[in-house]
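Report on the following structure.
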Amino acid sequence: MNDRAIRLLRGESVDRTPLFPFILGFCAKNGGYPIASIYDDPERSFELQSTTHEQYGFDWGPIYGYASYGTWEFGGEVRMPTGEYEQAPFHTRFPVELEEDVERLTLPDPKQAGCLPLAMEFSRLQEKQGTPISIVCGGTFTIAGNICSVEKLCRWMLKKPNLVHKIMALASDHIVDVVRHWSTAFGAERVIPQMWEPLTANSIISSRQFEVFVLPYLKETSEKILAMGVKHMLYHICGDQARNLPLWSQIPMGEPGLCSFGQEIDLYNAIDLLGSRNVIIGNIDPKAFLAGTPDVVYNLCREAIEKGRSAPRGFMVSSGCEIPPEAPRQHVYQMHKAIVDCAKESGGL
Amino acid sequence: MDSTEAGTEILRGLAEAVVAYDEEKTVELARMSLKQGIDPGVAILKGLAFGMDQVGKLYETQEYFVPELLLCADAMNAALDVLKPHIKVEAQAERHSVVIGTVEGDIHEIGKNLVKIMYEAAGWTVYDLGADVKAASFSEEQKRTGAEVVAMSCLMTTSMLAIPEVIKAIKANDPDITVMVGGAPLNRELAMAYGADGYAESCGSAVKETLTALNRVKGAT
Ligand code: B12
């Protein structure tokens, strides 16, 4: 394990652009195990990610989490990915089906609810191996959608806004509870929570809706978490959120924060709006790993590194979302290759 | 106001109420249209579907987002419930039909549901299998319902790999079934390479693209 990414966070110089991992199912396949083992077997998951990271030059360290987070923790059900075409856990029953169910929602116990015991086991390995203690426990709006389904959430935004505010408040409190639990276990300064927020994509909600229903909660959650002594938080701004970016820039994410983007976002725009306070991470199109050629991936990475040079708090290469588990290995390898080539050309290595 | 003028007024009102996602209004106007003797087929096509078409355009130009679109669809569906029982049986037999679902391993279903809404708005009979639909279920449902179109959505490059297999199964059973595909990782080229008959980038063009594909498939046989 190297500490290149952490050095970048501290503002120290690094020999090459760090490669930030957004690669889960691929690690299972790479090691000859089913994808489910990434999510239901912390020890194996850690091992599979570590060895794959080492092989392909990823920095940072293994992480635990998935985008459908919240369903299970609030009392619904998820299924682990077991089928041939499955990539991540997915919800099979939502905790909220009727309006009345919202009244009955209670805050989950972060020690026991859903995947959290597995995540805790995973974080103990992170602690032991000295990698960042970093798990996915949000984002708020995405948890809300995972509690009552996105479509109900969307309808209620216009028809029953109070229900949405209620669910959002619970989701925010839950995230704070989880981070507090982790901080007690490992020390707040070691914890780097990750919030993935695909449901706020502008292909789903407007920036105005983001401003009313999302922004206040994200601000509040972030402030509370940072007040605990957490130094850095990561927000994964998934999908096309160009219209939300000015609002995202109002959310504190730490000193510096970490902000990763989908391929839909222009990195210059991201750096311009969020780069002064956050390390920018992104944003190679996951499709390119599967449908492209080694050259396509290589060139996309070089382009991203080039753009990332102007990021005041630093830049890390990553995929815009999870790298497809079926991606040809040669394609994944191009990320490291492009990074090393760029570093050599500019005298870093 | 003579009766045709009143009729035009009702049709315009229906369209506007759909755009304004005013469910009470669409239901009220649907009832009024029946009282006025307006053919329910016309009320659907020139009122509700016309309104929904506008809604599709507003979504494409990012003036409307998924929340608005869903409520517009609810307003349309509430009025459809009033009108449908009054549609003449022969007219019903002419309706197009489609089996729709998101492919196996994939729970992204917002896009699929928007496409479904557009088929409904155009008067199609829709058999919705939901998300994470096994390959065999598509062709089984098609056989069960006799639908002329199967429409598949996928949002991930992983689940996308299931599509060629599903298409093969459907076509092996009946090569005249029209297969439509859509979703973020696909494009027209890839759709064709997978053996689909049609592709649409967005829900706004889904029905039009389906009709074009349908005519092509039917014309070829
Ligand atoms: C919302 C979202 C989610 C939500 C889904 C909620 C739900 N119930 O639908 C949640 C949070 C659950 C989620 C989970 C995951 N997601 Co996701 N998600 C998204 C996001 C941000 C938006 C998708 C969306 O709803 N768009 C809005 C709708 C309206 O647009 P649309 O779906 O494109 O549909 C339009 C057209 O495509 C077309 N269309 C769609 N279907 C059809 C069908 C036909 C027949 C036709 C004609 C047209 C058509 O019409 C629609 C309307 O105009 C996308 C980003 C993106 N670029 O799409 C990522 C994205 C799809 N997700 C991605 C990933 C990786 C995941 C996870 C694997 C993450 C993880 N590791 O946990 C999981 C997978 C869960 C699973 N097992 O399926 C990646 C997929 C990458 C890849 N491999 O290809 C994407 C592309 C993000 C990215 N930046 O790369 N996600």
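Just so it is clear: chains get the letters A, B, ... in the order the sequence lines come, proteins before strands, and each one is counted from 1.
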At a heavy-atom distance under 4.5 Å, which candidate from R243(A), H91(A), R79(A) has the highest pair count against chain B? R243(A)

Determine the option with the most heavy-atom pairs under 4.5 angstrom with chain B, choosing from E322(A), K287(A), M157(A). K287(A)

Please rank L69(B), N113(B), D106(B) by heavy-atom pairs under 4.5 Å with chain A and give me the top one. N113(B)

Under a 4.5 Å heavy-atom cut-off, does chain A meet the side chain of L71(B), its backbone, both or neither? side chain

If you apply the rule side chain to side chain contact (heavy atoms under 4.5 Å, CB included), what do you find for E23(B) with K159(A), and how did you get there? CA-CA 12 Å; E23(B) 196 172 314; K159(A) 283 184 119 172; 3.7 Å; yes

Chain B heavy atoms under 4.5 Å from S68(A): which part of the residue, side chain, backbone, both or neither? side chain

Chain A heavy atoms under 4.5 Å from A184(B): which part of the residue, side chain, backbone, both or neither? backbone

Tell me, for D285(A) versus chain B, whether the close heavy atoms (under 4.5 Å) come from the side chain, the backbone, both or neither. neither

So do the side chains of E326(A) and T157(B) get within less than 4.5 Å of each other, counting heavy atoms only? no

Any side-chain heavy atom of Q209(A) within less than 4.5 Å of one from E68(B)? yes

Counting only heavy atoms closer than 4.5 Å, note whether I205(A) contacts chain B via side chain, backbone, both or neither. both

Please report the interatomic distance OG1(T71(A)) to CD1(I107(B)), rounded to the nearest 0.5 Å. 7.5 Å

So do T158(B) and E86(A) actually touch side chain to side chain, heavy atoms under 4.5 Å? no

Closest approach of D132(B) to F90(A) (non-hydrogen atoms, all atoms of both residues): OD2-CE1, 3.1 Å

Bottom line for Y59(B): the part with an atom under 4.5 Å from chain A's heavy atoms is side chain

